[in-house]
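Right, I'll just put the structure down here and ask away after.
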Amino acid sequence: MLDPKWIRENPDVIAEAGRLKRISVDMPAYLALDKKHRQILTEVESSRAYLKAESKKLGKLSPEDRELALGDQKERKLVLQKLEAEEQLLRKELHLLAMKLPMPPAPEVPEGKDDTQNIELACVGTPPVFSFTPKTHIQIGEELDLLDIPRGVKLAGSRNYLLKGELALLEQAILRMAVDHMVKRGFELVSVPMLVNRECMEGTGYFPGGEEQAYLAERDDLSLIGTSEVPLTSIHAGEKLDEANLPIRRIALSPCFRREAGTYGKDTKGLYRVHQFWKVEQVVIGPHDLEWSLQEHRAILANATDFLDLLELPYRVVNVCGGDLGQGQVQKFDIETWMPSRNSYGETHSASRFHDFQARRLNLRYKPSSGGKPLYCHTLNNTVIASPRVLIALLENNQNEDGTVRIPSALQPFFGAKTLGKNIRA
RNA sequence: GGAGAGGUGGCAGAGUGGCCGAAUGCACUGGUUUUGAAAACCAGCGUCCUGCGAGGGACCCAGGGUUCGAAUCCCUGCCUCUCCGCCA
């Protein structure tokens, strides 16, 4: 959500934002509606002021005099009611339009229409060269009897899977390692609801627009989260925080649910695009300060790349171009990890900064220590790790010729062994 | 799931149709007094929208309704508490 006053004064900036982000924006329509709404609002308010003042006088009149004055009041009330209905309708329309306006991207965001035009910022590690024909994660998992996709599909449809035994344990090990990694860096682990209300989905920018991507529990008007960014960012919605308590840095470990509507035929094989996965997500809520926000964006990016370094995986970081940015994002860095079976880097992390976009929708503010009006917070988030997607990289990059998988040393204490698959083969 | 009670300003808490944007206490801010502090006393003290301003409007959980007029009456929803039942 953008500041209504600012919208009025900067329609061109928003139109340009729409162009850069490939989001259709009709600023003339918005401005016309806004103007009309404010006109009616003024009428409603002055009419209401008159009626209110007259009513007060009525209260002091004798019963006989009152009867005489009532007729006029009733008539005016009818007129007001019509105006009020009109005003309410306009307000709703306007709000809906405002909810869909794009946040302008930062100047350092490259122009481009989709992910092929993202700019590589860094490339770390070297994709492995195999002296044998490498297997895909599916082959590795199935041959070790640790992965069962057909039965996952039997239970819940396409894009479902079963991880078994050591592979399921490996998943837990990575998630726990990620949690520890972040707790060491001062992030507070929060266990959050996975089923949230509409306010959370709208507040973080997923609704309206993203309803198709979410599993809805319609009877209770709740949605399954696609990421714990939603509950984590919404925790202090409607509150006025103390500046002294900022920034708030938190992580959550949660399952994530995505319908993946409109991706039929895309990434249908294996564990890359699935309906349900685990993710450790980092969310930071801070002051309304651009410099701070920029720094923090780099910091949460580093939290993730440092973790990939510990996992000894090759990856690259890209500066996401305008056309690949979401409505609310000001800038986004994606981390893509090398996946031999794809013969390319695949997106595993996404670090976004929002300025006050989410904070406005959530009505999330703080009292500045220096006094003065409450300000909207800035919010940011990034993945720490998402599984099973990271397992693709881990299994494929570290596979041995005999079909077992080497476990990176930092992960060994969490997994409890140096190799995956050994115990089964022995 | 059944029965009951309730949601008012930072907190506590009064307020059953006009004199209520809301008593009172606590907290907070400024002042007087004091070597300093405490106490006492005096004064101030909600948020948001709109307007250059004077001002106007909205808000007593939320949404509807009754009424010339609603914190107050009616309906619906949400939330909290107590008792009973059930349960990982």
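Note that these values count all heavy atoms, side chains included, but never hydrogens, waters or copies made by symmetry. Please read these numbers as outputs of a predicted model, since none were measured by experiment. Below, read A as the first sequence line, B as the second, and so on, with proteins coming before strands; counting in each chain starts at 1.
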Under 3.5 Å, side-chain donor or acceptor atoms of residues 218-227 of chain A against the rest of the protein: list the pairs with distances, not counting sequence neighbours.
from     : atom 1 : to       : atom 2 : distance (Å)
A/Thr227 : OG1    : A/Glu229 : N      : 3.0
A/Thr227 : OG1    : A/Lys279 : NZ     : 2.7

Can you tell me if A/Arg48 touches the phosphate of B/G56, counting only side-chain N or O atoms and a distance under 4.0 Å to OP1 or OP2? no

Could you tell me which nucleotide pairs with B/U66 by Watson-Crick or G-U wobble geometry, both distances under 3.5 Å, or answer none if nothing does? none

Could you give the NE2-to-P distance, from A/His37 to B/C49, as a whole number of Å? 14 Å

B/A12: pairing nucleotide in any strand, Watson-Crick or G-U under 3.5 angstrom: B/U24

Minimum heavy-atom distance between A/Tyr161 and A/Phe277, given as atom pair plus value: OH-CA, 3.9 Å

A/Phe333 and A/His297 aromatic centres sub-6.0 Å: yes

For nucleotides B/U32 and B/G21, find the distance between their P atoms and express it as a whole number of Å. 35 Å

Could you tell me the Watson-Crick or G-U partner of B/C79, where both distances fall under 3.5 Å? Say none if there is no partner. B/G6

Gap in Å between the two C1' atoms, one belonging to B/C20 and one to B/A70, rounded: 11 Å

Can you tell me the Watson-Crick or wobble partner of B/C60, both distances under 3.5 angstrom? none

In Å, rounded to the nearest 0.5 Å, how long is the span from CZ of A/Arg76 to CZ of A/Arg48? 15.5 Å

The side chain of A/Ala49 is closest to which nucleotide in this list: B/C68, B/G57, B/G21? B/G57

Protein-nucleotide distance (A/Arg38, atom CZ; B/G57, atom P), rounded to Å: 19 Å

A/Leu41 CG - B/C59 P separation (whole Å): 13 Å

Nucleotide B/C68, atom C1' - distance to CZ of A/Arg76 in whole Å: 12 Å

What interatomic distance, in whole Å, is found between P of B/U67 and the corresponding atom of B/G53? 39 Å

May I have the distance from A/Asp34 (atom CG) to B/U50 (atom P), rounded to whole angstrom? 10 Å

Nearest-Å distance, CD (A/Glu45) to P (B/A58)? 7 Å

Report the base-pairing partner of B/U32 (Watson-Crick or G-U wobble, both distances below 3.5 angstrom), or none. B/A40

Nearest-Å distance once atom P is located in both B/G15 and B/A37: 40 Å

When rounded to the nearest Å, what value does the distance between C1' atoms of B/G2 and B/A62 take? 26 Å

Given B/C48, B/C68, B/G21, identify the nucleotide with an atom nearest to the side chain of A/Ser55. B/C68

Pairwise C1' distance, B/C73 and B/C84 [rounded to whole Å]: 32 Å

Atom-to-atom span, CD of A/Glu239 to P of B/C61 - whole angstrom: 19 Å

Does A/Lys77 or A/Lys367 map to a spot on RNA chain B nearer the 5' end, using the closest nucleotide for each? A/Lys367

Say you pick atom C1' in B/G17 and the same atom in B/G30; how far apart are they, in whole Å? 39 Å

In Watson-Crick or G-U wobble terms, both distances under 3.5 Å, what is the partner of B/G1? B/C84

Nearest to the side chain of A/Gln88 - B/G21, B/G64, B/C48? B/G64

Can a side chain N or O of A/Lys74 be found less than 4.0 Å away from OP1 or OP2 on B/C68? yes

Please check if the distance between the ring centroids of A/Tyr376 and A/His288 is under 6.0 Å. no

According to a strict under-4.0 Å criterion, is A/Lys57 in side-chain N/O contact with OP1 or OP2 of B/G18? no

For A/Leu189 and A/Ala252, work out which heavy atoms get closest and say how close. CD1-CA, 4.2 Å

Would you say a side-chain N or O of A/Lys240 is under 4.0 Å from OP1 or OP2 of B/G46? no

Tell me the interatomic distance from A/Arg198, atom CZ, to B/G63, atom C1', rounded to whole angstroms. 16 Å

Only pairs with both distances under 3.5 Å count, Watson-Crick or wobble alike; so what is the partner of B/G51 in this structure? none

Using the P atom on both, measure B/G1 against B/A12 and round to a whole Å. 29 Å

Name each donor-acceptor pair under 3.5 Å that joins a side chain in residues 35-42 of chain A to protein atoms two or more places apart or in another chain, with its distance.
from    : atom 1 : to      : atom 2 : distance (Å)
A/His37 : NE2    : A/Glu87 : OE2    : 2.9
A/Thr42 : OG1    : A/Arg38 : O      : 2.7

